[in-house]
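I have placed the structure first, in the form of structure tokens, so that the comments after it can refer back to it.
A, B, ... follow the sequence lines: proteins, then strands. Residue 1 opens every chain.
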Number of protein chains: 2
Amino acid sequence: MSEGGQSLRERRRVETQRMIQAHAMRLFAEHGYDATTVNQIAHAAGVSSMTVYRHFPTKEDLVLHDGYDPLIASRVAARPAGEPLVRRIGRTLVETTRDVLGPAAGDRPSPERELLLARLRLMIDTPALRARHLDSQYATQRAIVGALLGEAPDPEAEFRVWVAAGACLAAMHVALTRWAREDGRADLPGLIAAALGAAFGEEFGRDSGGELGEGAGGDAAGGSGRDAGEAAG
Amino acid sequence: MSEGGQSLRERRRVETQRMIQAHAMRLFAEHGYDATTVNQIAHAAGVSSMTVYRHFPTKEDLVLHDGYDPLIASRVAARPAGEPLVRRIGRTLVETTRDVLGPAAGDRPSPERELLLARLRLMIDTPALRARHLDSQYATQRAIVGALLGEAPDPEAEFRVWVAAGACLAAMHVALTRWAREDGRADLPGLIAAALGAAFGEEFGRDSGGELGEGAGGDAAGGSGRDAGEAAG
DNA sequence: CTCAAACTGTTAGTGACTAACAGGACGATA
DNA sequence: TATCGTCCTGTTAGTCACTAACAGTTTGAG
């Protein structure tokens with residue numbers, strides 16, 4: 001999808017980016033992020049290190065580069081405006097994740113799923129990447145706020161949108177972390193819905209009638225996560 | 001407080017740390033974070049750059065160094081165990097902030113307040129610091145989870161604690177950002193309570209009887225935010 | 001007083017990242 | 001087809017955060 005149309009230069013540029021990133025991810029998986037130098041990546045990709053830096057401004061961007069923000073922003077803006085903020089943002093996250101990972105929640109490895117898993121694994125246990133990942137999550141938060149605040153300069157409303165977006169993304173981050181720690185065995189959209197449910201005591205699983213029940217996700221997150229939780233400690 | 005008691009070496013060590021950090025913050029405020037080198041900081045403090053690195057493992061730690069995590073952890077563990085998770089964590093954040101900044105919420109500048117303001121200002125608009133700050137917030141989240149999960153290895157309960165802590169800290173982060181953008185004019189604990197209220201639809205302002213009503217929280221979020229309109233575009 | 005541990009400075013080195021210059025490939029135009 | 005401006009790439013030299021290893025000094029306990 002959306003592969004052609006651009007000029008030859010454009011296609012070559014995208015191709016080079018993908019090649020460099022693929023070599024980088026392979027080397028990171030083999031030797032670890034810190035132990036891999038940009039020079040090694042450049043040499044493996046058959047280019048100079050300057051070329052790497054011209055395509056990816058920092059070494060961290062070789063892992064963090066994904067274009068989900070505009071997708072999430074457009075989708076959250078498309079949801080009914082009358083919906084409560086948290087539900088509007090939360091369901092957008094659940095459904096966008098479901099569509100990105102593919103319609104089926106089965107165990108067959110889709111390339112998108114494997115790439116996301118590999119990136120999450122690196123981002124979780126490499127401190128520099130974890131920090132940058134959280135910052136990119138902050139960029140997502142900014143994108144959501146921008147999409148929901150197109151023409152409403154009310155500072156109090158803006159405050160509420162910032163809070164809702166931040167809380168929803170924080171919940172999703174917990175789900176992402178757990179999903180990666182389980183090597184992607186659970187159903188990620190279900191996990192995100194369970195996390196949002198645990199935070200806000202609502203139902204984020206299905207838009208209307210929940211015919212799927214709990215399926216794969218409920219197993220990992222523990223049921224439908226309806227109870228907002230008396231403390232366990 | 002808690003200045004004495006340790007050995008002479010310990011006191012000198014703390015003293016050196018404070019001196020280096022003070023010079024660093026001053027230079028950062030004067031010339032900006034990126035434009036200030038560690039060598040300049042070391043020279044201003046009258047030490048070598050290696051000494052700086054031995055006290056602060058990275059340049060970013062010169063700004064991010066604060067010891068609030070164990071305080072928050074002990075306080076959240078001290079709250080009644082029967083309380084719902086979000087309320088337990090949220091109120092801990094509000095009250096700890098109030099106690100750290102001083103009992104009164106007035107406009108008189110306490111040194112703790114000014115230092116927090118200066119640090120937040122740097123952390124908000126310096127990308128590297130912002131990322132590291134979000135990672136330190138993640139460390140706070142881990143501390144809260146650890147405090148609330150002392151001896152309960154239930155993975156489902158752990159998941160809920162992670163989500164609750166993450167969502168509460170995300171709400172607090174919005175409050176911190178807005179507070180710093182307003183140059184600390186608003187009441188920070190009230191702002192945090194308002195953010196938590198906006199996220200979870202509860203009351204986080206006062207512990208028991210809410211005689212203050214919405215005064216501090218609601219007003220701070222809406223009314224005093226005069227110049228926050230730029231982000232909407 | 002003696003000695004181990006801690007603190008500091010110096011030196012040399014790695015690696016991410018930038019600036020500046022030069023050569024080659026692309027794409028539109030005469 | 002030939003020309004020319006633009007984009008892409010490689011090379012070089014340099015800055016800066018950060019580390020490792022060695023040496024000298026100070027501190028505190030026996």
Side-chain angles (χ1 to χ4, degrees), chain A residues 4-21 23-25 27-28 30-65 122-123 126-133 135, chain B residues 4-21 23-25 27-28 31-65 122-123 126-133 135-136:
Chain A
Q6 308 293 357
S7 68
L8 192 144
R9 268 184 186 154
E10 197 77 19
R11 261 176 295 164
R12 273 171 102 98
R13 181 167 185 81
V14 174
E15 183 73 16
T16 307
Q17 280 195 11
R18 247 206 279 274
M19 196 237 310
I20 293 174
Q21 194 177 28
H23 281 283
M25 289 301 296
L27 291 174
F28 290 158
E30 285 177 8
H31 311 109
Y33 177 81
D34 290 320
T36 306
T37 72
V38 175
N39 272 323
Q40 292 170 357
I41 297 169
H43 187 265
V47 296
S48 80
S49 61
M50 269 308 298
T51 300
V52 176
Y53 283 118
R54 287 203 178 96
H55 285 274
F56 300 90
T58 72
K59 181 183 174 187
E60 292 140 4
D61 288 310
L62 285 164
V63 180
L64 295 169
H65 182 68
L122 282 174
M123 295 188 300
T126 304
L129 283 177
R130 191 180 51 216
R132 283 293 309 268
H133 171 55
D135 192 53
Chain B
Q6 306 293 358
S7 67
L8 191 143
R9 267 187 187 155
E10 198 77 20
R11 260 176 297 165
R12 274 171 100 98
R13 180 166 187 82
V14 173
E15 182 73 17
T16 307
Q17 280 194 10
R18 250 205 278 271
M19 193 237 309
I20 293 174
Q21 195 177 26
H23 282 283
M25 289 300 296
L27 291 175
F28 290 157
H31 310 110
Y33 178 81
D34 290 320
T36 306
T37 72
V38 175
N39 271 324
Q40 292 170 356
I41 297 169
H43 187 264
V47 297
S48 79
S49 60
M50 268 310 298
T51 301
V52 177
Y53 284 118
R54 288 201 177 95
H55 286 274
F56 300 90
T58 72
K59 182 184 175 186
E60 293 140 4
D61 287 311
L62 284 163
V63 180
L64 296 168
H65 184 67
L122 282 174
M123 294 188 302
T126 304
L129 283 176
R130 190 180 53 215
R132 280 295 307 267
H133 171 55
D135 193 53
S136 90

Look up atom [atom1] in [X] and atom [atom2] in [Y], then write down how far apart they are to the nearest 0.5 Å.
| X | Y | atom1 | atom2 | value |
| --- | --- | --- | --- | --- |
| Arg54(A) | Arg13(A) | CZ | CZ | 10.0 Å |
| Met19(A) | Arg12(A) | CE | CZ | 10.0 Å |
| Glu15(B) | Ile20(B) | CD | CD1 | 11.0 Å |
| His43(A) | Ile41(A) | NE2 | CD1 | 13.0 Å |

Once side-chain contact (heavy atoms from CB on, under 4.5 Å) is applied, do any residues pair with [X], and if so which ones, sequence neighbours excluded?
| X | answer |
| --- | --- |
| Ala128(A) | Glu60(A) |
| Asp61(A) | Phe56(A), Pro57(A), Thr58(A), Arg132(A) |
| His31(A) | Leu27(A), Thr36(A) |

Can you tell me the distance, in whole Å, between the [atom1] atom of [X] and the [atom2] atom of [N]?
| X | N | atom1 | atom2 | answer |
| --- | --- | --- | --- | --- |
| Phe56(B) | dA17(D) | CZ | P | 15 Å |
| Glu15(B) | dT8(C) | CD | P | 12 Å |
| Ile20(A) | dC8(D) | CD1 | P | 12 Å |
| Met19(B) | dT8(C) | CE | P | 9 Å |
| Arg132(B) | dC18(D) | CZ | P | 9 Å |
| Asp61(A) | dT18(C) | CG | P | 10 Å |
| Glu10(A) | dA28(C) | CD | P | 13 Å |

Considering just the side-chain nitrogens and oxygens of His55(B), establish if one lies under 4.0 Å of OP1 or OP2 belonging to dT8(C).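 The answer is yes; a side-chain N or O of His55(B) sits under 4.0 Å from OP1 or OP2.
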
Enumerate the protein-to-nucleotides 25-27 of chain C contacts in which both atoms are nitrogen or oxygen and the separation is below 3.5 Å.
unit_1: dC26(C); atom_1: O2; unit_2: Arg9(A); atom_2: NH2; d: 2.4
unit_1: dG27(C); atom_1: OP1; unit_2: Leu8(A); atom_2: N; d: 3.3

Is the charged tip of Lys59(B) near the ring of Tyr53(B): under 6.0 Å from the six-membered ring centre and within 45° of its axis?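 Not flagged: Lys59(B) not positioned over aromatic ring of Tyr53(B).
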
Would you say Thr126(A)'s side chain and Leu129(A)'s backbone share a donor-acceptor pair under 3.5 angstrom?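 Here the side-chain-to-backbone pair does not exist.
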
Is it the case that the side chain of Gln40(A) and the backbone of Thr37(A) share a donor-acceptor pair, with hydrogens and angles ignored and the cut-off at 3.5 Å? yes

Under-3.5 Å N/O pairs linking protein and nucleotides 19-21 of chain C:
none

What pair of heavy atoms forms the shortest contact from His55(B) to Gln17(B), and how long is it? ND1-CG, 3.1 Å

All N/O contacts under 3.5 Å from nucleotides 14-16 of chain C to the protein, with atom names and distances to one decimal?
unit_1: dA16(C); atom_1: OP1; unit_2: Lys59(A); atom_2: NZ; d: 3.3
unit_1: dA16(C); atom_1: OP2; unit_2: Val38(A); atom_2: N; d: 3.4

